[in-house]
Amino acid sequence: FKQFLIKDKGYGESSAKRVFNSLRTFFKFLQDQFNIQNLMENEDFGKKKDVVALKANKREKMLENEDLKLFFDKLKTTKDSIRNISFFSILLLTGISPEEATKIKWSDLDFNNKSIEIQRDEVTELPISDALANQLKTYYIVQKEKKVNSIYMFNATSSENEAISI
């Protein structure tokens, strides 16, 4: 996966590391919630020299499409499936950290320009795919139908105007 991010997608070291850490969190969630083997339990991103070496190696797949399909099929059976699917879709399709995802407000999302503003040291605007935009639109509609009026995309269950904590 590191090879894919760095070699094929051209990610820099810090971006690739952020995606890697998000994926590691994702697998921990799978292990904790669904008792699925944590494939990244003992994985470490490595040193900068290892990252440079990856650019010269062949691409190695860590997750197959079938694995992702199984995971998202499993998410469909969870209590708040639309929220869970939306949350993990954002993590996987943007590379942001779980902490960054929990801080997203609905006002940070621009459906017309298909982008999300992420609060880092400065505001970073990330493009989102049509598929992710459609997923988030569906989630938004469901939230409104449930009369959830939170400013946060992923609100805490105890309070609508509090971000979910990880």
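Heavy-atom minimum distance, F72 versus I85: CE2-O, 3.8 Å. Closest approach of L91 to I96, counting heavy atoms only: CD2-O, 3.4 Å. Contact between S22 and P98 at its shortest, heavy atoms only, is OG-CD, 3.6 Å.
Aromatic ring orientation, F26 versus F71: perpendicular (interplanar angle above 60°, classes split at 30° and 60°).
Atom CG of L75 sits about 11.0 Å away from atom CZ of F87, to the nearest 0.5 Å. Here CG of L132 is found 12.5 Å from OH of Y139. Values are rounded to the nearest 0.5 Å. I141 contributes atom CD1, which lies 11.0 Å from atom CG of L136 (distance to the nearest 0.5 angstrom). In this structure, the separation between NZ on K103 and CD on Q119 is 9.5 Å, given to the nearest 0.5 Å. Rounded to the nearest 0.5 Å, atoms OG1 (T78) and CZ (R83) are 9.0 Å apart. Distance check, rounded to the nearest 0.5 Å: CZ of F88 to CG of L23 gives 10.5 Å.
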message = Evaluate T138 against I82 for side chain to side chain contact (heavy atoms under 4.5 Å, CB included), listing each step before the verdict.
response = CA-CA 8 Å; T138 301; I82 188 77; 3.9 Å; yes

task = Carefully, step by step, assess K146 and D80 under the rule salt bridge (Lys or Arg N to Asp or Glu O under 4.0 Å).
result = CA-CA 12 Å; K146 289 182 178 180; D80 199 355; 3.5 Å; yes

query = Checking salt bridge (Lys or Arg N to Asp or Glu O under 4.0 Å) for the pair D32/K28: CA distance, chi angles, key distance, verdict?
reply = CA-CA 6 Å; D32 294 346; K28 182 168 179 1; 2.9 Å; yes

task = With side chain to side chain contact (heavy atoms under 4.5 Å, CB included) as the test, would you mind laying out the steps for D108 and I118 before giving the verdict?
result = CA-CA 7 Å; D108 296 332; I118 303 300; over 6 Å; no

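Judged by distance alone, with hydrogens and angles left aside, the side-chain atoms of N113 form no donor-acceptor pair with the main-chain N or O of S115 at under 3.5 Å. Remark: side-chain polar atoms of N134 are paired, donor with acceptor, to backbone N or O of D130 under 3.5 angstrom. Remark: the backbone N or O of S97 is paired with a side-chain donor or acceptor of E100 at under 3.5 angstrom.
Contact annotation: the side chain of E117 never approaches that of L109 to less than 4.5 Å [non-hydrogen atoms, C-beta and beyond]. Side-chain contact between M153 and I90 is present, with heavy atoms from C-beta onward closer than 4.5 Å. In this structure, the side chains of L92 and V19 stay at 4.5 Å or more apart for every pair of heavy atoms. Between T102 and Y152, the closest side-chain pair of non-hydrogen atoms is not below 4.5 Å.
Under the side chain to side chain donor-acceptor pair (under 3.5 Å) criterion, the residue pairs touching residues 86-95 are S86-Q135, with sequence neighbours excluded.
A search for side chain to side chain contact (heavy atoms under 4.5 Å, CB included) contacts involving S15 returns Y11, R18, not counting sequence neighbours.
A salt bridge links K76 with D73: the distance from a Lys NZ or Arg NE/NH1/NH2 to an Asp or Glu carboxylate oxygen falls below 4.0 Å.
Cluster membership check: F29 does not share its hydrophobic cluster with L70, using side-chain heavy-atom separations under 4.5 Å among Ile, Leu, Val, Met, Phe, Trp and Tyr. Linking Ile, Leu, Val, Met, Phe, Trp and Tyr whenever their side-chain heavy atoms come within less than 4.5 Å puts F111 and L126 in one cluster.
A 6.0 Å sphere centred on NZ of K144 holds more than 12 heavy atoms belonging to other residues, nucleotides or ligands.
Residues Y140 and W106 bring their aromatic ring centres within 6.0 Å.
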